[in-house]
Amino acid sequence: MNERHLDSGGFELRPLVAADAAAYREVRLAGLAESPFAFSESHEDECMKSVAEFARFVQAVGDPPERFTLGAFAGQQLVGFATFARDQRSKARHKGMVYAMYTVADWRGRGVGSAVMKELLRQARRLVGLEQIHLWVLHAETSATPFYQRVGFHSQGTRVVGDLKVGDRYVDAEYMVLRLADGGVQ
């Protein structure tokens, strides 16, 4: 899993390690502050976590990894990331989840998100018995639904109305799935 890939967009893709925790924490908190309606976690809650907690979070688990955070780096700067985790329950090991995906504003539109997702899906496909990858999309000012549809995800049903509440505002959510037998970005 220590693979490094140089993307044609001028950034490198690689799994995050404990040494990346401070950079990950900084970018994650900036994303939560910038887009409070786009994430289930709140800036206030995540601010309470130490760099050591973020280091434990980004550490890949398993061989091959069943939980990992993939990062996009422009030089030494973390410009995007996404986390994958396989469900550990015996009845649900056929599923995994993508969460915490984010691209730094200055790097949007340069293919960072697509490259991160493509590599995340490539890594996840290596897991024996994995059949489905799920994610939640929140619907606020904008929605990432079209992006996820382009890489092969489909709506799992109707919107969950009022799934989250940020201040006095409710945010709807949509559960999406990519069935590995159906393809998706290869």
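Throughout, residue positions are numbered sequentially from 1 according to the sequence presented.
At a threshold of 4.5 Å between side-chain heavy atoms, the hydrophobic network of Ile, Leu, Val, Met, Phe, Trp and Tyr places L127 and V61 in two separate groups. A single hydrophobic cluster is seen to contain both L178 and F147, as judged by linkage of ILVMFWY side chains at heavy-atom distances under 4.5 Å, directly or through other members. With hydrophobic clusters built from ILVMFWY side chains whose heavy atoms lie under 4.5 angstrom apart, F39 shares a cluster with Y99.
R67 places no side-chain N or O within donor-acceptor distance of the main-chain N or O of G62, the cut-off being under 3.5 Å.
For the pair V79 and A74, the tightest heavy-atom approach, listed with the atom from each and the gap, is CG1-CB, 4.0 Å. Closest heavy-atom contact between L130 and L180: O-CD1, 3.2 Å. For the residue pair L135 and V98, the shortest heavy atom distance occurs at CB-O, 3.5 Å. Of all heavy-atom pairs spanning V17 and V58, the tightest one is O-CG2, 3.5 Å. Residue A100 comes nearest to F81 through the heavy atom pair O-CE1, 2.8 Å, listed as atom of the first residue, atom of the second, then distance. S42 and L32 make their closest contact through O-CD1, 3.9 Å (heavy atoms, listed as atom of the first residue, atom of the second, distance).
Considering only residues two or more places apart in sequence or on other chains, D87 meets the side chain to side chain donor-acceptor pair (under 3.5 Å) condition with R89. In this structure Y175 satisfies the ring pair (Phe, Tyr, Trp, His ring centres under 6.0 Å) test together with H134, W136, sequence neighbours excluded.
Atom CG in D20 sits 9.0 Å away from atom CD in Q76 (nearest 0.5 Å). Going from atom CZ of R126 over to atom CG of L121 covers 13.0 Å, rounded to the nearest 0.5 Å. Considering CZ of R179 and NE2 of H154, their distance stands at 8.5 Å, rounded to 0.5 Å. Taking OG1 of T145 as the start and CZ of F153 as the end, the distance is 11.5 Å to the nearest 0.5 Å. A distance of 12.0 Å separates CD in E119 from CE in M117, rounded to the nearest 0.5 Å.
The closest side-chain heavy-atom distance from T103 to V116 is not below 4.5 Å. Between Q123 and L70 there is no side-chain heavy-atom pair separated by less than 4.5 Å. Proximity of L120 to F68: side-chain heavy atoms (C-beta onward) are separated by under 4.5 Å at one or more points. Contact annotation: the side chain of R122 never approaches that of R125 to less than 4.5 Å [non-hydrogen atoms, C-beta and beyond].
Between Y24 and F57, the ring planes lie parallel to each other; the angle is under 30°, not in the 30° to 60° tilted range.
Of the listed residues (K95, R93, H94), just one forms a side chain to side chain contact (heavy atoms under 4.5 Å, CB included) with E131, and that residue is H94.
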Inset, instruction - Applying side-chain contact (heavy atoms from CB on, under 4.5 Å), run through M176 and Q156 and close with a yes or a no. - result: CA-CA 5 Å; M176 299 185 82; Q156 187 81 346; 5.9 Å; no
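Using a cut-off of 4.0 Å between Lys/Arg side-chain N and Asp/Glu carboxylate O, R108 and E34 are scored as salt-bridged. Ion pairing between a basic and an acidic side chain is recognised when a charged N comes within 4.0 Å of a carboxylate O; R25 and E53 show no such pairing.
Taking the ring centre of F73 as origin, the terminal cationic atom of R14 falls inside the region bounded by 6.0 Å and 45° from the ring axis. The cationic group of R28 does not satisfy the cation-pi geometry with F54, failing either the under 6.0 Å distance to the six-membered ring centre or the 45° limit from the ring axis.
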Contacts under 3.5 angstrom, residues 157-165 side chains, donor-acceptor by atom type, not counting sequence neighbours:
from, atom 1, to, atom 2, distance (Å)
R159, NH2, H139, ND1, 3.0
K165, NZ, Y170, OH, 3.4

